Amino acid sequence: MLDMKLLRSNLEEVKQKLQHRGEDLNDLDKFAEWDEKRRNYITETEQLKAKRNEVSKEIAMLKKEKQDADDKIKEMREVGDRIKEIDQELREVEEKLQELLFSIPNIPHESVPIGESEDDNVEIRKWGEVPQFDFEHKPHWDVATELDILDFERAGKVTGSRFVFYKGLGARLERALINFMMDLHADEHGYEEMLPPYIVNRASMTGTGQLPKFEEDAFKLEDWEYFLVPTAEVPVTNYYREEILNVDQLPAKFTAYSSSFRSEAGSAGRDTRGLIRQHQFNKVELVQFVKPEESYDKLEELTGHAEKVLQLLELPYRVLKMCTADLGFTAAKKYDLEVWMPSNDTYREISSCSNFEDFQARRAGIRFRREAKGKPEYVHTINGSGLAVGRTVAAILEHYQQADGSVKVPEVLVPYMGGKTVITK
RNA sequence: GGAGAGCUGUCCGAGUGGUCGAAGGAGCACGAUUGGAAAUCGUGUGUGCGGUCAACGCCGUACCGAGGGUUCAAAUCCCUCGCUCUCCGCCA
């Protein structure tokens, strides 16, 4: 959510900054009208309320002295009716205004490249060598199915498409990766570990920006105003919803493992095979609540924390700076980490690191105070995957496969795999 | 699932229709006192919105779990919902 005061004073400038996002902004023109209406209603109703409060005190006095107050009571009854009318109008215009505010995306940071599509994202660095294989190379789903460590078919029977069973050392590998990532972020990168609820309420989904606009992307529980989390970002960011933090709590850094659930509405037919696009996947998330002046430095730092996972796993990747058209609704700036995926012969997204500035904080009411009596200010929130675990497994299976069909265990994972150095049949 | 109790400011806690943004206490901040500290005394100590101001601020309004209702007037009465606690049942 954007600052209403900013919209009030610089509407044209905001529109200009948003124009490269490729979003429909026609409603923005209504802002000035509704905002003015709202303020007029407020002024009017508050004046009447002041009057009512005043006269009510007089009525109390009169009654105490056993005097007649019928005239004043009658007058106030009319005032009360009028207040009700105006409040109703006010409520209606505020609803429209809020709907509008919730539909406006975040303003891109000045360092974000202007672009029309994902083709305009800018590669800013590359790490590692793209591998050459001297044997017939297989996609990860074939590697895994032959080793009997992933079972897509039975998952289709038990649940449906885009679900999977991990088995044996496959399940162990997923668990090893989760532990490895969590340990790295908790012990080396200074994040506090968190295990959040997998189900959240509507207010939380609204706080981080999934709702109201993207409800079709989420799994909603029937008969409940509850949603399966699409990412641990939602519960962890909302941990401090409607709170005022002390400045010495910042930066607050949390790393959380959770399963993530996405309906994948609109991506029918894409990545139908393998682990790349599942309705349920595991993810280790990094979330930071920071002071506004630090958020861009912290974004670089957090992105580095995610990159460190790929480096330790020795998986080649590149970092993309997302352009205005590919920022998503909530981010002011975003880096994607893409791992080389041999079966696709291209890089595939494995992490997304974003600075939301105060966009989420304003929606979720997360503030901090610099001094004991200072005015509360909105924090900045940043987060990133560190990493998407399923896609990491896919990358490992493809990069570490050997000619005989076995898969070597990356060195850093060996202790997490009970000492096993290779996955064989 | 059944029965009951509760939800008030940073915290504890009083308040069952009028002068209550809310007693009292604790905490915290500042000042006095002190060589320094403790103790003591004094002052202050929420947020949103609207208005006003160069600014400190000031004025108005709203907020006592959330939302609705009754009333001239609601922390206080009524309804719905949420959460917490206790007992019973069930259960990993």
Side-chain angles (χ1 to χ4, degrees), chain A residues 1-9 31-102 195-207 211-212 220-227 235 238-250 252 259 358 361-379:
Chain A
M1 192 159 70
L2 299 181
D3 187 356
M4 277 222 270
K5 290 185 184 121
L6 180 70
L7 291 172
R8 203 174 286 158
S9 56
F31 175 81
E33 181 195 330
W34 290 344
D35 179 53
E36 200 190 328
K37 259 190 171 173
R38 169 175 173 269
R39 285 187 290 161
N40 287 340
Y41 285 137
I42 287 174
T43 308
E44 202 178 336
T45 189
E46 288 196 345
Q47 277 169 2
L48 289 172
K49 283 173 184 169
K51 166 108 175 157
R52 182 175 68 182
N53 288 344
E54 195 187 322
V55 176
S56 284
K57 278 179 196 168
E58 290 171 19
I59 292 171
M61 296 282 283
L62 289 172
K63 292 231 168 190
K64 211 175 202 173
E65 290 159 19
K66 307 269 191 236
Q67 290 184 40
D68 177 64
D70 288 355
D71 285 354
K72 287 186 191 294
I73 288 174
K74 198 177 158 205
E75 191 192 341
M76 284 310 102
R77 191 174 295 152
E78 281 162 25
V79 169
D81 288 344
R82 179 75 187 127
I83 288 172
K84 252 177 214 174
E85 279 171 33
I86 298 168
D87 278 349
Q88 179 58 31
E89 303 274 333
L90 176 63
R91 222 173 298 152
E92 279 166 25
V93 82
E94 286 197 320
E95 218 166 278
K96 284 196 278 190
L97 207 47
Q98 200 192 37
E99 198 182 321
L100 172 61
L101 285 171
F102 276 155
L195 208 54
Y198 288 6
I199 294 176
V200 294
N201 58 30
R202 187 172 283 277
S204 294
M205 290 288 274
T206 305
L211 295 183
K220 180 170 181 293
L221 271 61
E222 196 175 15
D223 299 332
W224 293 73
E225 286 306 295
Y226 283 172
F227 299 83
N238 280 282
Y239 183 71
Y240 284 135
R241 174 152 50 82
E242 305 297 339
E243 291 193 30
I244 300 174
L245 307 177
N246 201 312
V247 69
D248 56 26
Q249 288 177 266
L250 304 180
S259 287
D358 62 8
R362 181 171 285 113
R363 284 176 163 245
I366 306 169
R367 294 174 292 174
F368 77 105
R369 231 192 281 269
R370 291 182 197 269
E371 292 161 43
K373 289 184 187 173
K375 273 250 175 294
E377 295 173 52
Y378 288 109
V379 301

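Computed from a prediction, not measured in an experiment: that's the story for all the values here. Sequence lines set the chain letters: A, B, ... in the order given, protein chains first and strands last, and positions in each chain run from 1.
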Practice problem: Map A:K375 and A:R77 onto RNA chain B by nearest heavy atom, then report which one ends up closer to the 5' terminus. | Solution: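 Whichever sits nearer the 5' end wins; that is A:K375.
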
Quiz item: What are the two closest heavy atoms between A:P235 and A:P197, and how far apart are they?
Solution: CG-O, 3.6 Å

Quiz item: Applying a 3.5 Å limit to both distances, which nucleotide forms a Watson-Crick or G-U wobble pair with B:rG21?
Solution: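 In the structure as shown, B:rG21 has no Watson-Crick or wobble partner.
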
Quiz item: On a whole-Å scale, what distance lies between the P atoms belonging to B:rG51 and B:rG42?
Solution: 41 Å

Quiz prompt | Between B:rA74 and B:rC79 - C1' atom distance, rounded Å | solution =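 Roughly 15 Å separates the two C1' atoms.
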
Exercise. Name the pairing partner of B:rG46, where a pair is Watson-Crick or G-U wobble with both distances under 3.5 Å, or state none.
Key: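 Base partner found: B:rC63.
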
Quiz item: Does the side chain of A:R39 get closer than 4.0 angstrom to OP1 or OP2 of B:rG51 through an N or O atom?
Solution: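 Yes.
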
Quiz prompt | Span that lies between the P atom of B:rG17 and that of B:rC87, in whole angstrom | solution =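 Taking atom P in both B:rC87 and B:rG17, they lie 34 Å apart.
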
Self-check item: N/O (side chain, A:R367) to phosphate O (OP1/OP2, B:rU47) under 4.0 Å
Solution: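 For B:rU47, neither OP1 nor OP2 has a side-chain N or O of A:R367 closer than 4.0 Å.
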
Quiz item: Between B:rG44 and B:rU80, how far is it from one C1' atom to the other, in whole Å?
Solution: 41 Å

Quiz item: Taking it one step at a time, do A:R82 and A:E85 satisfy salt bridge (charged side-chain N to carboxylate O under 4.0 Å, His left out)?
Solution: CA-CA 5 Å; A:R82 179 75 187 127; A:E85 279 171 33; 3.0 Å; yes

Quiz item: Taking atom P of B:rG50 as reference, at what distance in whole Å does atom CD of A:Q47 sit?
Solution: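 From A:Q47 CD to B:rG50 P: 15 Å.
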
Quiz item: What's the CZ-P distance between A:R369 and B:rG48, to the nearest Å?
Solution: 8 Å

Practice problem: Would you kindly give the CG-to-P distance between A:D81 and B:rU71, to the nearest whole Å? | Solution: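 Rounded to whole Å, this separation is 9 Å.
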
Quiz item: When you measure from the side chain of A:R367 to the backbone N and O of A:K375, does any donor-acceptor pair fall under 3.5 Å?
Solution: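 Not confirmed, A:R367 side chain does not pair with A:K375 backbone.
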
Quiz item: Any side-chain heavy atom of A:F31 sitting closer than 4.5 Å to one from A:L97?
Solution: yes

Quiz item: Rounded to whole angstroms, how far apart are CH2 on A:W34 and P on B:rC49?
Solution: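 Roughly 20 Å, once rounded to whole Å.
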
Exercise. In whole angstrom, give me the gap between the C1' atoms of B:rU84 and B:rU71.
Key: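 Going atom to atom, C1' in each nucleotide, I get 32 Å.
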
Self-check item: B:rC58 - base-pair partner by Watson-Crick or wobble geometry, distances under 3.5 Å
Solution: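 With both distances under 3.5 Å, B:rC58 matches B:rG51.
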
Quiz item: Can you tell me how far C1' in B:rG25 sits from the matching atom in B:rA3, rounded to whole Å?
Solution: 35 Å

Quiz item: Looking only at atom P, what distance separates B:rC56 and B:rA62, rounded to whole Å?
Solution: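 It comes out at 25 Å once rounded to the nearest Å.
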
Practice problem: Report the base-pairing partner of B:rU40 (Watson-Crick or G-U wobble, both distances below 3.5 angstrom), or none. | Solution: B:rA32

Quiz item: Under 3.5 Å, is there a donor-acceptor pair between the side chain of A:K220 and the main chain of A:W224?
Solution: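 Such a contact is found between A:K220 side chain and A:W224 backbone.
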
Self-check item: Whole-Å gap separating C1' (B:rG51) and CD (A:E46)
Solution: 9 Å

Self-check item: Integer angstrom distance from the P of B:rA66 to that of B:rU8
Solution: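 Their P atoms lie roughly 10 Å apart.
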
Quiz item: Rounding to a whole Å, what distance do you find between A:N40:CG and B:rC49:P?
Solution: 18 Å

Quiz item: Can you tell me the Watson-Crick or wobble partner of B:rU71, both distances under 3.5 angstrom?
Solution: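 Partner of B:rU71: none.
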
Quiz item: Should B:rA26 form a Watson-Crick or G-U wobble pair with both distances under 3.5 Å, which nucleotide is its partner?
Solution: B:rU10

Self-check item: Under-4.0 Å salt bridge between A:K74 and A:D70
Solution: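 Here A:K74 does not pair with A:D70 in a salt bridge, since their nearest N and O are not under 4.0 Å apart.
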
Quiz prompt | Reported CZ-to-CD1 distance for the pair A:R241 and A:I366, which is rounded to 0.5 angstrom | solution = 8.5 Å

Quiz item: A:K72 has an atom NZ; how far is it from atom C1' of B:rA73, in whole Å?
Solution: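 These atoms are roughly 14 Å apart.
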
Quiz item: From the list B:rC72, B:rC83, B:rU47, which nucleotide is the closest neighbour of the side chain of A:P376?
Solution: B:rU47

Quiz item: Under a 3.5 Å cut-off for both distances, is B:rC85 Watson-Crick or wobble paired, and to whom?
Solution: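 B:rC85 is paired with B:rG4.
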
Self-check item: Residue mapping more 5' on RNA chain B - nearest nucleotide basis, A:D35 or A:R52
Solution: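 By nearest-heavy-atom nucleotide position, the 5'-most residue is A:D35.
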
Quiz prompt | Sugar-phosphate only, base, or nothing, as touched by A:R8 at under 4.0 Å among non-hydrogen atoms | solution =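 Here A:R8 touches the backbone only, sparing every base.
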
Quiz item: Between B:rU61 and A:N53, is there an OP1 or OP2 to side-chain N/O distance shorter than 4.0 Å?
Solution: yes

Practice problem: Please test A:K63 against A:I59 for side chain to side chain contact (heavy atoms under 4.5 Å, CB included), starting from the C-alpha separation and ending with a verdict. | Solution: CA-CA 6 Å; A:K63 292 231 168 190; A:I59 292 171; 4.1 Å; yes

Practice problem: Answer with base, sugar-phosphate or nothing: what part of the nucleic acid does A:I59 contact at a heavy-atom distance below 4.0 Å? | Solution: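 The answer is base, as A:I59 lies within the cut-off (heavy atoms under 4.0 Å) of a base atom.
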
Quiz prompt | Strand partner of B:rC91, provided both Watson-Crick or wobble distances fall under 3.5 Å | solution = none

Practice problem: Between B:rG48, B:rU70, B:rC72, spot the one nearest the side chain of A:K84, thanks. | Solution: B:rU70

Quiz item: Is there a side-chain polar atom (N or O) of A:R38 under 4.0 Å from OP1 or OP2 of B:rC49?
Solution: no

Quiz item: Is A:K63 touching bases, backbone alone, or none of the nucleic acid, heavy atoms closer than 4.0 Å?
Solution: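 A:K63: base contact, heavy atoms under 4.0 Å.
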
Quiz prompt | Nucleotide B:rG46, atom C1' - distance to CD1 of A:I244 in whole Å | solution = 8 Å

